[in-house]
Amino acid sequence: MNSRIKLIKSDITTLHVDAIVNAANSSLLGGGGVDGAIHRAAGPGLLAECRSLNGCSTGEAKITKGYLLPCKFVIHTVGPVWYGGNNNEENLLASCYKNCLKLAIENNVKIIAFPNISTGVYHFPKEKAAAIALKEVESFLNNESSPEEVIFVCFDDENYILYKSLMGASL
Ligand code: AR6
């Protein structure tokens, strides 16, 4: 595993990093889960900026400021809803990670933190999602010198244990 990849169990809204990623929906106007937590912590400025973005397609990403959050930027991405695996879900999830990392480079983000996109309300199987996330981020970092660090932030025990074993297994 690339040494620029870290794993923590935490609430992503508390992190003092350059950018946190939001697992949003295509409206970009807030919701539940990590999206709700990010909007609550960021305050109304975030929603106001999101309104100007005209939404976001699945697999794509858009960036805003962090407002009252301790991070500088929020990168909003829209993960795929899991419909059973035959609707391009795996490629779309991989695109989320890739497009967030591209935006990170463009905005000089050195440390970026990802939640476990699509593994909550969108029901993407957690083990598959973790494998895709790790593979995508690792291959990106192997080809780019930036960002300096990518933090996977797990909120639930199940994801944390999964990431830990997948990261350990490839050491
Ligand atoms: N910090 C880090 N991770 C968190 C936090 C937090 N504060 N809260 C939840 N998670 P979900 P999705 C984890 O449902 O599946 C929203 O309503 C959680 O344990 O937030 O991509 C949007 O508006 C899970 O592993 O996002 C969309 O409509 C992960 O975040 C929809 O949900 C993702 O769970 C997106 O669904």
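Read the numbers this way: they start at 1 and go in the same order the structure lists the ligands and their atoms. Count residues from 1 along the sequence.
Listed by number with element, the atoms of ligand 1 under 4.0 Å from a non-hydrogen atom of N159 are 25 (O). The ligand atoms of ligand 1 that sit less than 4.0 angstrom from a heavy atom of T119 are 15 (O), 24 (C), 25 (O), 29 (C). Counting atoms of ligand 1 from 1 in the listed order, those under 4.0 Å from a heavy atom of A37 are 7 (N). Contact atoms of ligand 1 toward D35: 22 (C), 23 (O) (distance under 4.0 Å to a heavy atom of the residue). Of all the atoms in ligand 1, the ones that sit under 4.0 Å from a non-hydrogen atom of D11 are 1 (N), 6 (C), 7 (N). Ligand-side atoms of ligand 1 in range of G31: 17 (O), 23 (O), range being under 4.0 angstrom from any heavy atom.
Residue I38 does not touch ligand 1, judged by heavy-atom distances below 4.0 Å.
Side-chain atoms of E89 come within 3.5 Å of backbone N or O of N87 as a donor-acceptor pair. In this structure a side-chain-to-backbone donor-acceptor pair under 3.5 Å is present from D18 to I111. Side-chain N or O atoms of T58 include none that pairs as donor or acceptor with a backbone N or O of G79 at under 3.5 Å.
The shortest N or O to N or O distance between V121 and ligand 1 is below 3.5 Å.
Cluster membership check: I20 does not share its hydrophobic cluster with V150, using side-chain heavy-atom separations under 4.5 Å among Ile, Leu, Val, Met, Phe, Trp and Tyr.
Around CD of E127, the count of heavy atoms belonging to other residues, nucleotides or ligands within 6.0 Å does not exceed 12. At most 12 non-hydrogen atoms from other residues, nucleotides or ligands lie less than 6.0 angstrom from NZ of K65. Atom CD of E158 is surrounded by 12 or fewer heavy atoms from other residues, nucleotides or ligands within 6.0 Å.
Closest to atom 1 (N) of ligand 1, if we only count protein heavy atoms, is I12 N, 3.0 Å. Counting only heavy atoms of the protein, atom 19 (O) of ligand 1 lies nearest to D156 OD1, 2.8 Å. The closest protein non-hydrogen atom to atom 36 (O) of ligand 1 is Y122 CG, 3.4 Å. From the protein, the heavy atom lying nearest to atom 29 (C) of ligand 1 is N116 O, 3.3 Å. Nearest protein heavy-atom contact of atom 20 (O) of ligand 1 is V34 N, 2.8 Å. What sits closest to atom 16 (C) of ligand 1 on the protein, heavy atoms only, is G32 O, 3.4 Å. Looking only at heavy atoms of the protein, atom 26 (O) of ligand 1 is closest to A23 CB, 3.9 Å. The shortest contact between atom 15 (O) of ligand 1 and any protein heavy atom is with G120 N, 2.8 Å.
Classification of R4 and E149 as a salt-bridged pair fails, no side-chain N sitting under 4.0 Å from a carboxylate O.
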Give the intermediate values and the outcome of side-chain hydrogen bond (donor to acceptor under 3.5 Å, both in side chains) for residues N159 and T119. CA-CA 9 Å; N159 265 316; T119 67; 3.2 Å; yes

Go through it in stages, so that I can follow the logic: the residues are N116 and K126, the test is side chain to side chain contact (heavy atoms under 4.5 Å, CB included), and I'd like the CA-CA distance, side-chain angles, deciding distance and then a yes or no. CA-CA 8 Å; N116 306 134; K126 289 181 179 173; over 6 Å; no

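Taking only non-hydrogen atoms, the option from S118, S26, G79 nearest to atom 21 (O) of ligand 1 is S118.
Here the rule is ring-ring contact (aromatic ring centres under 6.0 Å, His included) with F114, and of F155, Y97, Y163 only Y97 fits it.
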